[in-house]
Amino acid sequence: HETFAQKLYQTFQKHKRFVKPKLSRTDFAIAHYAGEVLYQSDQFLDKNKDYVVAEHQELLSASRCSFIAGLFPPPPEETSKSSKFSSIGARFKQQLQALMDTLNSTEPHYIRCVKPNNVLKPAIFENVNVMQQLRCGGVLEAIRISCAGYPTRRTFYEFLHRFGILAPDAIEGNCDEKAACKRILEKKGLIGFQIGKTKVFLRAGQMAELDARRTEVLSVAAKTIQGKIRTHIMRKKFVSLRKASVCFQAVWRGTLACKLYDRMRRQAASVKIQKNQRGHQARRSYKLQVSSVLVIQAALRAMAARNEFRHKKRSKAAVTIQARYRCHRAHSYHKKLKAAAIVAQCRWRGRIARKELRKLKMEARETGALKQAKDKLEKTVEELTWRVQLEKRMRTDLEEAKAQELSKFQSSMDALQAKLDETNAVLLKEREAAKKAIAEAPPVVKETEVIVQDTEKVHTLKAEVDELKTSLQSEKQRADELEKKRSEEAQANEEKQKKIEETEVKIRQFQDYLRRLEEKLSNVESENKVLRQQAVSVAPAKILSGRSKSNLQRNAESGHVSVSDSKITPESAVVASPKKEYDIDDKPQKSLNEKQQENQDLLIRCIAQHLGFAGNRPVAACIIYKCLLHWRSFEVERTSVFDRIIQTIGHAIETQDNNEVLAYWLSNASTLLLLLQRTLKASGSTGMAPQRRRSSSATLFGRMTQSFRGTPQGVNLALINGSMVSGVETLRQVEAKYPALLFKQQLTAYVEKIYGMIRDNLKKEISPLLGLCIQQAPRTSRASMMKGSSRSNTNTAAQQALIAHWQGIVKSLGNFLNILKVNNVPPFLVRKVFTQIFSFINVQLFNSLLLRRECCSFSNGEYVKAGLAELEHWCYRATDEYAGSAWDELKHIRQAIGFLVIHQKPKKTLDEISHDLCPVLSIQQLYRISTMYWDDKYGTHSVSPEVCFTVFILVLHLT
């Protein structure tokens with residue numbers, strides 16, 4: 001036994017179910033799912049030694065006693081052949097295997113017997129013992145597995161027969177039992193169930209929940225029946241009681257009426273007596289009160305009049321004293337302020353005049369230097385042009401010489417080729433003649449002579465061919481050398497061509513530089529004219545003392561100059577405007593025009609970057625406006641800064657797909673256009689001519705500039721440095737020259753272009769989604785038509801998938817609005833964009849409704865109505881500031897959809913349809929919609945035939 005146990009220990013030492021005891025050498029334990037079971041290996045081997053002899057078994061089985069013969073049945077043939085001797089353990093194993101085969105081939109059902117107690121007495125229940133039996137027997141594990149799976153299973157017929165009352169609409173019509181069961185479970189909100197081929201599989205507790213709901217439905221039905229029966233019984237009682245009470249009430253009311261009449265007669269008599277008595281008493285008391293009130297009122301009014309007279313007298317005296325004192329104080333202050341203002345103005349004008357005189361002298365010297373530089377550049381340009389012409393002549397001569405050499409070489413090659421062809425032809429003729437001579441000659445005598453002559457001729461011909469080959473090779477070498485020379489000459493020509501192109505580029509650069517110098521000269525001359533006019537208009541100033549001069553200089557540097565005199569001339573106001581100060585001691589290394597060119601380059605580089613916004617205002621537009629105003633570019637006859645700004649904007653908006661860049665430049669361009677509209681005026685007038693206004697208002701952004709003029713409070717702009725305090729009302733007017741007016745027109749054109757690009761991008765983005773919305777309509781109509789007989793509830797997931805396209809459109813609109821808000825685009829432009837987009841949506845949907853019959857259905861009406869609800873919700877969230885009247889642009893499709901989804905259409909008259917339901921739609925449109933309409937959901941009809949015939953007659957009259 002120990003050896004058997006040791007073999008088990010060695011064999012199953014690492015098995016997870018095998019356990020070796022610590023205190024025994026012959027025992028072992030097996031870890032079952034219910035717990036560990038200890039086995040003893042004693043007598044294990046002895047069972048296999050108890051063999052049954054086959055002869056003895058045959059003898060006992062052949063016994064005449066049925067009991068003995070039944071104890072020893074004959075063994076099967078297979079076992080008798082395999083082993084001669086079989087032990088009791090082997091037979092038990094065979095019987096156990098046969099039992100397992102029988103169990104596997106059948107479908108057994110077990111009955112678990114549980115002992116309530118170990119003492120075998122009634123009315124005693126041991127919880128721990130029973131629980132241990134259930135756990136060891138696997139009952140708890142089976143229950144847990146069953147609960148984890150699907151313990152309840154019913155066929156489709158049983159399930160519908162029992163729970164069909166929970167959803168009667170699910171089993172209407174000729175529907176599938178499987179689908180009906182699924183609809184009942186989904187309608188009751190159960191999850192985790194499974195539908196098989198013939199049965200319904202439910203989780204633990206779901207059958208109880210369905211039974212509870214079935215009980216509720218049955219109880220509600222029973223209560224309804226009971227209520228109806230009780231109502232019927234009580235109504236019968238009520239009718240009988242009502243008849244009796246009516247008779248009783250008639251008699252009693254007659255008695256009461258008699259008594260009431262007697263009482264009313266007595267009350268009327270007493271009321272008359274009381275009225276007369278009370279009237280007499282009231283008249284007496286009223287007369288007494290009137291006399292006393294008149295006396296009191298007269299006394300009080302006299303006292304109030306006296307008090308008011310005293311108060312007015314005192315107030316008049318006080319006002320007279322205050323007026324005299326304030327007049328004296330204001331007069332003295334005005335005298336002092338006027339004297340100080342006159343002194344300050346005289347000193348300031350004198351200083352400005354001296355500065356302008358110095359500046360004019362410096363600019364005069366600079367203009368002389370510019371003229372000298374211009375003369376030098378003109379000389380250099382003439383020299384360069386002369387060199388270019390010389391190079392062109394040389395190049396043409398070289399090309400002609402090269403063409404002549406090539407023609408000569410080609411002629412020589414043609415002659416050699418002709419000579420070679422002639423020799424080849426002669427050689428062929430001689431060979432043919434030799435062959436003929438050989439053929440015609442006698443066979444023996446003249447055979448050798450012909451051969452000798454032919455060989456000589458062949459040798460001579462070969463020599464000539466060799467000479468021709470050598471001459472051909474020499475000609476080829478000459479051709480190669482000529483080709484090399486030609487390639488070298490071509491390279492030299494290319495180099496010369498490059499040099500000529502470089503010189504032409506330099507000439508163009510010099511010409512551009514000359515043009516810029518001429519522009520600078522014209523700018524300087526115009527500025528000189530303006531400065532001379534200002535210097536002439538300024539009166540000669542008095543000589544200032546050192547102390548007052550230093551004080552005024554400090555005030556000028558700080559930028560605070562008090563000017564209170566209202567009689568200041570416009571010329572002095574222009575002179576006193578803030579400019580860039582030039583000191584006499586400064587010695588600049590560059591001229592004034594070069595500095596202006598550098599400033600322009602710096603401005604272009606600055607605005608080419610994304611400068612962002614400061615306080616909801618575009619920084620780039622404010623910088624451009626301040627620089628142009630500071631440089632007096634609007635008053636100059638010729639300048640290039642406007643063209644460079646326009647080119648910068650054009651390069652920035654080349655990427656038409658980037659809506660953020662387009663929105664940023666739309667904000668900057670519209671803001672700059674507003675500032676120009678407020679600042680610029682035509683020469684010699686305060687504003688634009690009527691003709692110009694009429695032409696500018698013809699376009700969208702002409703109306704935009706007029707709206708700028710009309711409503712400045714809607715756009716509050718302020719420059720970054722704070723020179724503009726609040727809005728565009730504080731901008732000063734500037735007389736603009738032709739370049740400035742042209743720049744404003746170009747800027748208006750670019751604003752229109754950017755606006756159109758932004759609108760088209762949004763249309764491109766929503767067009768695919770809108771197309772999907774239109775394409776989805778026929779699908780929904782066909783699907784609802786196919787399922788119209790069952791009239792089942794539509795799936796929520798399908799509805800969400802259908803509305804996803806509309807939500808995509810709303811999402812695109814929201815993203816686009818956020819981009820415009822971030823870039824501070826003016827709200828009226830945003831409203832205009834969305835108004836046009838909604839008009840585009842209205843046209844697309846309305847055209848699809850009129851042109852496609854599958855779109856003119858009840859289901860499509862509900863679908864489009866849901867999408868329009870999404871758009872309305874977006875307009876509400878966007879507010880009127882940005883959405884504006886965009887929702888009103890959908891009035892055609894809204895009224896058409898309202899006509900599609902309205903019920904009882906045959907009862908509607910033509911006046912109700914044309915005036916109440918669809919006042920915007922025309923008669924032709926109403927006729928087309930009413931004739932194309934079809935109800936794919938409820939099967940209702942369109943308008944009545946009378947209305948349809950009336951509309952048809954109206955359409956004929958209109959056409």
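Only this structure's heavy atoms are used, side chains among them; waters, hydrogens and symmetry mates stay out.
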Using 0.5 Å steps for rounding, measure from the [atom1] atom of [X] to the [atom2] atom of [Y].
| X | Y | atom1 | atom2 | result |
| --- | --- | --- | --- | --- |
| Leu747 | Glu752 | CG | CD | 10.5 Å |
| Ile758 | Lys753 | CD1 | NZ | 12.5 Å |
| Ile653 | Thr648 | CD1 | OG1 | 11.5 Å |
| Leu813 | Tyr882 | CG | OH | 15.5 Å |
| Glu660 | Leu820 | CD | CG | 10.5 Å |
| Asp760 | Ser767 | CG | OG | 9.5 Å |

field: Phe846 and His892 aromatic ring geometry - parallel, tilted or perpendicular at 30°/60° bounds
entry: perpendicular
task: May I ask you to decide if the ring planes of Tyr664 and His610 are parallel, tilted or perpendicular, using 30° and 60° as cut-offs?
output: parallel
Without swapping roles, check the side chain of [X] against the backbone of [Y] for a donor-acceptor pair under 3.5 Å.
| X | Y | value |
| --- | --- | --- |
| Asn815 | Lys811 | yes |
| Gln925 | Ser922 | yes |
| Ser839 | Thr835 | no |
| Ser848 | Leu845 | yes |
| Asn823 | Ala663 | no |
| Asn668 | Ala621 | yes |
| Arg759 | Gln836 | no |

task: Could you check Leu762, Leu662, Asn658, Leu666 and say which one makes a side-chain contact (heavy atoms from CB on, under 4.5 Å) with Met757?
output: Leu662
message: For Phe834 and Trp874, I'd like to know if the aromatic rings sit close, meaning centre-to-centre distance below 6.0 Å.
response: yes
field: Set of residues satisfying side-chain contact (heavy atoms from CB on, under 4.5 Å) with respect to Asp601, sequence neighbours excluded
entry: Gln597, Arg605, Arg644
message: Using the side-chain contact (heavy atoms from CB on, under 4.5 Å) criterion, which residues pair with Val822? Sequence neighbours excluded.
response: none
At their closest point, which heavy atom of [X] faces which heavy atom of [Y], and how far apart are they?
| X | Y | answer |
| --- | --- | --- |
| Cys918 | Leu926 | CB-CD2, 3.8 Å |
| Arg831 | Glu881 | NH1-O, 2.9 Å |
| Ser633 | Val641 | OG-CG1, 4.0 Å |
| Glu765 | Ser812 | OE2-OG, 3.4 Å |
| Ile623 | Cys606 | CD1-SG, 4.4 Å |
| Ser667 | Phe613 | OG-CE2, 3.6 Å |

Is the shortest heavy-atom distance from the side chain of [X] to the side chain of [Y] under 4.5 Å?
| X | Y | answer |
| --- | --- | --- |
| Val825 | Ser670 | no |
| Gln600 | Ser640 | yes |
| Val636 | Pro739 | no |
| Asp888 | Arg894 | yes |
| Ile837 | Phe816 | no |
| Phe838 | Cys875 | yes |
| Phe642 | Phe634 | yes |
| Val833 | Val830 | no |

task: Just do the side chain to side chain contact (heavy atoms under 4.5 Å, CB included) check on Ile893 and Gln844 with the steps written out, would you?
output: CA-CA 9 Å; Ile893 188 65; Gln844 295 293 324; over 6 Å; no
task: Tell me whether the guanidinium CZ or amine NZ of Lys832 lies under 6.0 angstrom from the six-membered ring centre of Tyr755 and within 45° of its axis.
output: no
message: One pair to check against side chain to side chain contact (heavy atoms under 4.5 Å, CB included): Leu871 and Tyr876. What are the steps and the verdict?
response: CA-CA 9 Å; Leu871 294 178; Tyr876 176 77; over 6 Å; no
query: Between the side chains of Thr679 and Tyr625, does any donor sit under 3.5 Å from an acceptor?
result: yes
- prompt: So does Lys821 have more than 12 non-hydrogen atoms from other groups sitting under 6.0 Å from NZ?
  reply: yes
message: Please determine whether side chain to side chain contact (heavy atoms under 4.5 Å, CB included) holds for the pair Leu769 and Trp806, giving the CA-CA distance in whole Å, both sets of side-chain angles, and the decisive distance to 0.1 Å.
response: CA-CA 7 Å; Leu769 297 174; Trp806 291 102; over 6 Å; no
